[in-house]
Number of protein chains: 2
Amino acid sequence: MTSDTPEGSSPGFRPLYRQVKQILVNRLRDGTWRPGVLIPSEVQIAADLGVSQGTVRKALDEMRGENLLISQQGRGTFVARHDEARILFQFFKIIPKIGPPVFPESELRGVSTGTANAQEQRALRLKAGDPVIRIARLRSLAGRLTISEYLSVPAGIFPGLGADIRVENNLYDLYASRYGITVSRSEERITAVGLPSEDATLLGLATGTPVLAIDRIAIALDGQPVEWRRSLCSTADCAYVSELR
Amino acid sequence: MTSDTPEGSSPGFRPLYRQVKQILVNRLRDGTWRPGVLIPSEVQIAADLGVSQGTVRKALDEMRGENLLISQQGRGTFVARHDEARILFQFFKIIPKIGPPVFPESELRGVSTGTANAQEQRALRLKAGDPVIRIARLRSLAGRLTISEYLSVPAGIFPGLGADIRVENNLYDLYASRYGITVSRSEERITAVGLPSEDATLLGLATGTPVLAIDRIAIALDGQPVEWRRSLCSTADCAYVSELR
DNA sequence: CAGTGGTCTAGACCACGTC
DNA sequence: ACGTGGTCTAGACCACTGT
């Protein structure tokens, strides 16, 4: 490993452990290490890259902090999966007002294709005319219809998604396992709106009922937005939780 | 004496750096190190406690991650203040739909005292009859009335708060500087409701307008809830942002 | 038992801010 | 020049999981 980086002049200092981290993240991006697999031990990686174990450890520490890896003392380090219980609620912050958190069931309403509208162009960094796949579905919490959801993804990076989606519930697990796209973080903007009549009919609620409008942009490992979704969520029996620290 | 570590279970093994961290956190709790001051250098702390610099570093790393400390290369490590720009938005997640984030102005409506109702007893872990201080205020974002806010604190830990509050805007800074209470994290539950007529009048909006109801419990360094607040927030010009990672 | 991650140490050098 | 935090190394031992 070359420790001198002829990058720039003034800001061109990159710690070795960040270079190591970038190498390891790339192994996740390009599918060398797929979700769930056991990666080499710290000493092994250190030897391969010609750095000390402590440097590898610091890179792994950051990746654990970003929920990309999971380590277990005595066993090894594994690539995080999006279908594990502890990961499920990383991106699903809606919990019942009474009782424990539950993961929602999904009912697919429709899949269509089209070209990116203004909103999709902005959220997904697409150009006019770029193809998108749109999905509409309803989600239930503990058996009660609660969420009407609309989402759009670039057709370019999810070829043939429509066919796969029929029985899927956890989309991010599908993105990772079938398309090699790992959603690493997302940003949500929440407003309060009156429920449109169309969604009111679907959810069995009165038109104009105050609901949460949750607009999410999901970001992949490489920083590219890969999904835009808008969820209209009734908060009669549940609430959106946010921990600030 | 292990008092309030949420992880201490069967093995009774506590890493040295966590013990060091606990010692340092206690210096924040008891006011030995007050907000804004420069704390001793890593080597100094290590020598004082009889551990290596690396162990102190790991304790400081966690505290930096919890926004309790701020380090600057070449200068030293400082106790975080709640009035710094980068901290302000740690607990204020409402930003304008267009334009950069701005911190809101506050207009005090009233301060009163009473005994904890059922909701306050649950949120603040109080008993029936425990005294509380209640504050009502309006908040504006970029000059536009946006939020009607109600908050309650235990009178026991904030004696005489009512007198101080007149011109305060950033309450958490006041809690820290005047009462030695550092809010380290908080939990918010968000629902959508129709704006009550009273608040509608105050905000100059129509009764029943869909708004966000943001219920927050603020937690101090020792894990005790120290404030409960409910904010009714119009999202005509702004949105609640939440980053999931 | 061997192998893994987790902790702890001691010392070296680097980048930065201050004197 | 000096002291600070930041990085990197090498080696030791501890705690845990498998065989």
Side-chain angles (χ1 to χ4, degrees), chain A residues 1-24 27 33 36-80 86, chain B residues 2 5 7-24 27 33 36-80 86:
Chain A
M1 154 145 297
T2 75
S3 66
D4 68 312
T5 50
E7 292 279 331
S9 37
S10 36
F13 170 71
R14 268 210 314 194
L16 187 51
Y17 74 89
R18 289 225 184 251
Q19 303 176 40
V20 170
K21 178 186 174 188
Q22 195 54 57
I23 291 172
L24 303 185
R27 293 190 183 170
W33 292 342
V37 307
L38 176 68
I39 73 172
S41 74
E42 296 179 350
V43 285
Q44 185 64 56
I45 295 173
D48 288 353
L49 301 181
V51 301
S52 81
Q53 183 184 0
T55 300
V56 173
R57 170 171 294 279
K58 192 149 190 192
L60 295 182
D61 272 342
E62 288 201 354
M63 294 174 72
R64 279 186 279 262
E66 294 168 19
N67 297 307
L68 299 178
L69 300 175
I70 296 172
S71 292
Q72 289 173 261
Q73 189 172 127
R75 297 231 299 144
T77 300
F78 302 81
V79 181
R86 59 182 165 285
Chain B
T2 95
T5 46
E7 37 204 316
S9 49
S10 42
F13 168 72
R14 267 210 312 192
L16 187 51
Y17 74 89
R18 290 233 185 239
Q19 303 177 40
V20 170
K21 178 186 174 188
Q22 195 54 57
I23 291 172
L24 303 185
R27 293 188 185 172
W33 292 342
V37 309
L38 176 70
I39 73 173
S41 73
E42 297 180 350
V43 285
Q44 185 65 55
I45 296 173
D48 289 352
L49 300 180
V51 300
S52 81
Q53 184 184 359
T55 300
V56 172
R57 171 171 293 279
K58 192 149 190 191
L60 295 182
D61 272 341
E62 288 201 354
M63 294 174 72
R64 279 186 279 263
E66 294 167 20
N67 297 306
L68 299 177
L69 300 175
I70 295 172
S71 292
Q72 289 173 272
Q73 189 173 137
R75 298 232 297 146
T77 299
F78 301 82
V79 181
R86 59 181 166 286

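Note on naming: letters A, B, ... go to the chains in the order of the sequence lines (proteins, then strands), and numbering restarts at 1 for each one.
Between B:Ile39 and B:Val79 there is a side-chain heavy-atom pair separated by less than 4.5 Å. You'll find the side chain of A:Glu62 reaches within 4.5 Å of the side chain of A:Arg18, heavy atoms only. Counting heavy atoms from C-beta outward, B:Val51 and B:Val56 have side chains that approach closer than 4.5 Å. Between A:Lys21 and A:Glu66 there is a side-chain heavy-atom pair separated by less than 4.5 Å. Put simply, the side chain of A:Tyr17 does not reach to within 4.5 Å of the side chain of A:Arg57, judged on heavy atoms. Using a 4.5 Å heavy-atom threshold, the side chains of A:Ile45 and A:Leu24 count as touching. The closest side-chain heavy-atom distance from B:Leu60 to B:Val20 is not below 4.5 Å.
Straight-line distance from the CD1 atom of A:Ile70 to the C1' atom of C:dT4: 16 Å, rounded to whole Å. In this structure, CG of A:Leu38 is placed 12 Å from C1' of D:dT17, rounded to the nearest angstrom. Atom C1' of nucleotide C:dC14 and atom CG of A:Leu16 are separated by 13 Å, given to the nearest angstrom. Rounded to whole angstrom, the span from the CZ atom of B:Phe13 across to the P atom of D:dA15 amounts to 6 Å. What separates CD1 of B:Ile39 from P of D:dG3 is a distance of 19 Å, to the nearest Å.
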For nucleotides 17-19 of chain C, give me every protein contact, N/O to N/O, under 3.5 Å, one pair per line with atom names.
residue: C:dT18; atom: OP1; partner: B:Arg75; partner atom: NH1; Å: 3.4

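The phosphate of D:dG5 has neither OP1 nor OP2 within less than 4.0 Å of any side-chain N or O from B:Ser71.
With rounding to the nearest 0.5 angstrom, the NZ atom of A:Lys58 is 11.0 Å from the CG atom of A:Leu16. Expressed to the nearest 0.5 Å, how far OG of B:Ser71 lies from CD of B:Glu42 amounts to 6.5 Å.
Within residues 41-67 of chain B, the residues having any heavy atom closer than 4.0 Å to DNA chain D are, in order of number, B:Ser41, B:Glu42, B:Arg57, B:Arg64.
Of the possible polar contacts, one joining the A:Gln19 side chain to the A:Arg14 backbone as a donor-acceptor pair under 3.5 Å is found.
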Taking only Watson-Crick and G-U wobble pairs with both distances under 3.5 Å, what dot-bracket line describes DNA chain C, where [ ] shows pairs that cross earlier ones and | shows pairs with another strand?
.|||||||||||||||||.
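For the pair B:Arg64 and B:Asp61, the salt-bridge criterion is met [side-chain N within less than 4.0 Å of a carboxylate O].
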